[in-house]
Engineer: 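Have a look at the structure that comes next, please.
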Amino acid sequence: MLTNPLTALPRTALRLPRMAPDMSLLPAGRIVTLADDVVTRLYDTGEDHLQPVILLHGMAATGMLNWYQTFQRLRGEYRLIAYDQRHHGMGHTGPFSFQILSEDALRVADHLELESPILGGYSMGGLVAQLAARPDPSRLGGLVLAATGTGAERNAMEKFTMGGFTRTAPLLNAVPEEIAREIHEETPSPHTWALKELSSVSLATHRTVISEVGRFNSTAWLHELDLPVAIVKTMRDIAFPQRIQDEMADLLPHSAVFPIAAGHAVCATHPGTFARRMRTAIGWVVSNQR
């Protein structure tokens with residue numbers, strides 16, 4: 001008797017979302033070519049009259065896998081945009097660094113001709129968002145930084161934490177290639193869709209991103225970001241401990257903190273609560289725009 005590899009694979013081991021997305025409520029992704037021939041898959045709710053919010057996903061995720069609950073709950077309130085960052089999903093396969101990723105975020109804003117978009121960043125995406133705002137904060141309407149911080153690996157304890165994260169993250173998130181090859185559904189179930197999205201991120205990308213996180217440190221220049229910044233603080237975060245998130249809030253000249261009692265994978269473990277907190281955080285940024 002043949003075993004279905006999709007049902008045999010434990011959902012909890014892959015940190016799949018507890019709340020399955022309603023695929024009918026999500027915009028279809030489209031392949032776009034940005035400036036400098038950067039190609040990616042982009043999602044856009046398309047309401048030109050609403051405040052645009054570009055959402056940057058975290059490591060091992062894709063644009064919609066990270067943000068589907070935010071799209072479902074906030075659609076009609078903001079123009080929501082997400083895309084696959086380099087080496088994730090259908091993102092660009094060229095050179096990779098957080099600096100290059102930050103330039104891609106601005107390429108998306110230019111491609112869509114967005115005026116003062118808000119950048120929302122989760123984990124890795126939060127680091128990228130900080131870098132995107134650095135050259136000219138007035139170009140953006142504000143930032144929402146979730147489950148992220150000023151960087152990591154600045155002392156012995158942080159090196160120990162990042163070392164453990166390096167060893168375990170690929171095992172928790174990667175989907176074996178043989179599983180991915182079994183997925184042929186034209187209209188996949190939410191669980192199957194999540195597996196396909198996870199399978200698009202290679203172990204090499206995991207290692208590259210973790211290395212970039214270890215080198216990142218924004219403490220010397222965060223005070224230059226003269227724009228409203230909302231921080232969705234994950235209270236049980238190991239990857240970015242509370243003190244690193246607090247440090248980020250203290251260094252930013254115009255920030256507010258919105259705590260959530262969850263760990264680093266809050267977008268998967270508590271997607272509804274996370275989406276509601278994003279609503280509050282984005283609303284604060286909008287009300288404090290200059």
Side-chain angles (χ1 to χ4, degrees), residues 17 19-35 38-58 61-85 88-92 101 104-126 128-129 132-133 139-147 187-188 190 193-194 196-197 200 228 230 232 258 266-268 270-287 289:
M19 297 175 62
D22 184 341
M23 308 301 285
S24 67
L25 298 179
L26 303 177
R30 56 189 173 94
I31 302 301
V32 299
T33 302
L34 310 174
V38 174
V39 178
T40 188
R41 177 177 55 175
L42 183 139
Y43 301 89
D44 182 3
T45 56
E47 302 100 325
D48 292 338
H49 63 291
L50 298 177
Q51 166 73 54
V53 181
I54 301 174
L55 299 168
L56 306 175
H57 65 76
T62 61
M64 191 53 70
L65 185 61
N66 200 139
W67 296 108
Y68 74 89
Q69 271 289 333
T70 303
F71 267 73
Q72 286 187 186
R73 290 176 179 267
L74 274 63
R75 189 171 189 172
E77 300 176 35
Y78 302 100
R79 178 180 178 181
L80 301 173
I81 297 129
Y83 64 96
D84 295 345
Q85 300 196 74
H88 292 73
M90 298 183 186
H92 198 63
L101 265 58
D104 286 345
L106 298 177
R107 288 185 178 101
V108 169
D110 289 342
H111 179 80
L112 297 175
E113 300 181 346
L114 303 178
E115 183 176 350
S116 299
I118 293 171
L119 278 189
Y122 187 97
S123 187
M124 175 188 81
V128 173
R139 186 175 182 182
L140 302 173
L143 302 178
V144 178
L145 306 177
T187 306
W193 168 78
K196 290 185 69 174
E197 295 298 290
S200 68
V232 177
F258 301 89
V266 60
C267 70
H270 301 75
T273 303
F274 174 66
R276 291 191 293 272
R277 187 67 80 241
M278 283 297 297
R279 171 186 284 121
T280 304
I282 295 171
W284 181 87
V285 170
V286 170
S287 65
Q289 286 178 331

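The figures that follow rest on heavy atoms only: side chains count, while hydrogens, waters and symmetry mates do not.
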Engineer: Kindly indicate whether the side chain of Phe71, heavy atoms from C-beta on, has any atom under 4.5 Å from the side chain of Leu55.
Structural biologist: yes
Engineer: Does any part of the side chain of Val266, heavy atoms only, come nearer than 4.5 Å to the side chain of Thr273, both counted from C-beta?
Structural biologist: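 They are not in contact (no side-chain heavy atoms under 4.5 Å apart), so the answer is no.
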Engineer: Any non-hydrogen side-chain atom of Leu140 less than 4.5 Å from a side-chain atom of Leu106?
Structural biologist: yes
Engineer: Within the side chain of Gln69, is there an N or O that forms a donor-acceptor pair under 3.5 Å with the backbone of His270?
Structural biologist: no
Engineer: Return the CD to CE distance between Glu197 and Met64, rounded to the nearest 0.5 Å.
Structural biologist: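 Rounded to the nearest 0.5 Å, the CD-CE separation comes out at 9.0 Å.
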Engineer: Closest approach of Tyr43 and Ala28, non-hydrogen atoms and distance?
Structural biologist: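 Scanning both residues completely, I find the closest heavy atoms to be CD2-C, 3.9 Å.
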Engineer: Working note: His92 + Thr40, criterion side chain to side chain contact (heavy atoms under 4.5 Å, CB included); need CA distance, chi angles, decisive distance, verdict.
Structural biologist: CA-CA 6 Å; His92 198 63; Thr40 188; 5.6 Å; no
Engineer: On a heavy-atom basis, which atom in Leu26 and which in Arg75 lie closest, and how many Å separate them?
Structural biologist: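 Looking at all heavy atoms of both residues, the shortest contact is C-NH1, 3.9 Å.
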Engineer: Kindly give the heavy-atom pair with the smallest separation between Ala105 and Ile54, and that separation in Å.
Structural biologist: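 Looks like O-CD1, 4.1 Å.
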Engineer: Kindly indicate whether the side chain of Val32, heavy atoms from C-beta on, has any atom under 4.5 Å from the side chain of Tyr83.
Structural biologist: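 Sidechains of Tyr83 and Val32: no contact.
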Engineer: With rounding to the nearest 0.5 Å, note down the distance linking CZ in Arg279 to CZ in Phe274.
Structural biologist: 12.5 Å
Engineer: Test your reading of the model: is there a side-chain donor-acceptor pair from Thr45 to the backbone of Leu80, 3.5 Å cut-off?
Structural biologist: yes
Engineer: To the nearest 0.5 Å, how far apart are CD in Glu77 and CG in Leu50?
Structural biologist: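 It is 9.0 Å, given to the nearest 0.5 Å.
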Engineer: Within the distance-only criterion (no hydrogens, no angle test), does the side chain of Arg79 pair as donor or acceptor with the backbone N or O of Leu114 below 3.5 angstrom?
Structural biologist: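 No, because the side chain of Arg79 does not come within donor-acceptor range (under 3.5 Å) of the backbone of Leu114.
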Engineer: So, do Ser200 and Thr62 sit near enough that their side-chain heavy atoms are less than 4.5 Å apart?
Structural biologist: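 Ser200 reaches Thr62 side chain to side chain.
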Engineer: Do any N or O atoms from the side chain of Asp44 and from the backbone of Ile81 form a donor-acceptor pair under 3.5 angstrom?
Structural biologist: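 Checked: no pair found.
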Engineer: As an exercise, state the distance from CG of Leu112 to CG of Asp48, rounded to the nearest 0.5 Å.
Structural biologist: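 With rounding to 0.5 Å, CG (Leu112) is 9.5 Å from CG (Asp48).
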Engineer: Is the shortest heavy-atom distance from the side chain of Leu101 to the side chain of Leu56 under 4.5 Å?
Structural biologist: no
Engineer: Taking only residues two or more places apart in sequence or in another chain, which ones pass side-chain contact (heavy atoms from CB on, under 4.5 Å) with His57?
Structural biologist: Ala61, Asn66, Trp67, Gln85, His88, Met124
Engineer: Side-chain contact, heavy-atom cut-off 4.5 Å: Val285 with Leu143?
Structural biologist: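 Val285 vs Leu143: side chains apart.
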Engineer: Any idea which heavy atoms bring Ala281 and Ala230 closest together, and the distance?
Structural biologist: O-CB, 3.5 Å
Engineer: Does anything in residues 107-121 form a salt bridge (Lys or Arg N to Asp or Glu O under 4.0 Å)? List the pairs, not counting sequence neighbours.
Structural biologist: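 Qualifying pairs: Asp36-Arg107, Asp104-Arg107, Asp110-Arg139.
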Engineer: Nearest heavy-atom pair of Pro117 and Ala109: which atoms, and what distance?
Structural biologist: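 In terms of heavy atoms, the two residues are closest at CG-CB, 4.1 Å.
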Engineer: Closest approach of Gln51 and Val286, non-hydrogen atoms and distance?
Structural biologist: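 Closest approach of Gln51 to Val286, heavy atoms only: CG-CG2, 4.1 Å.
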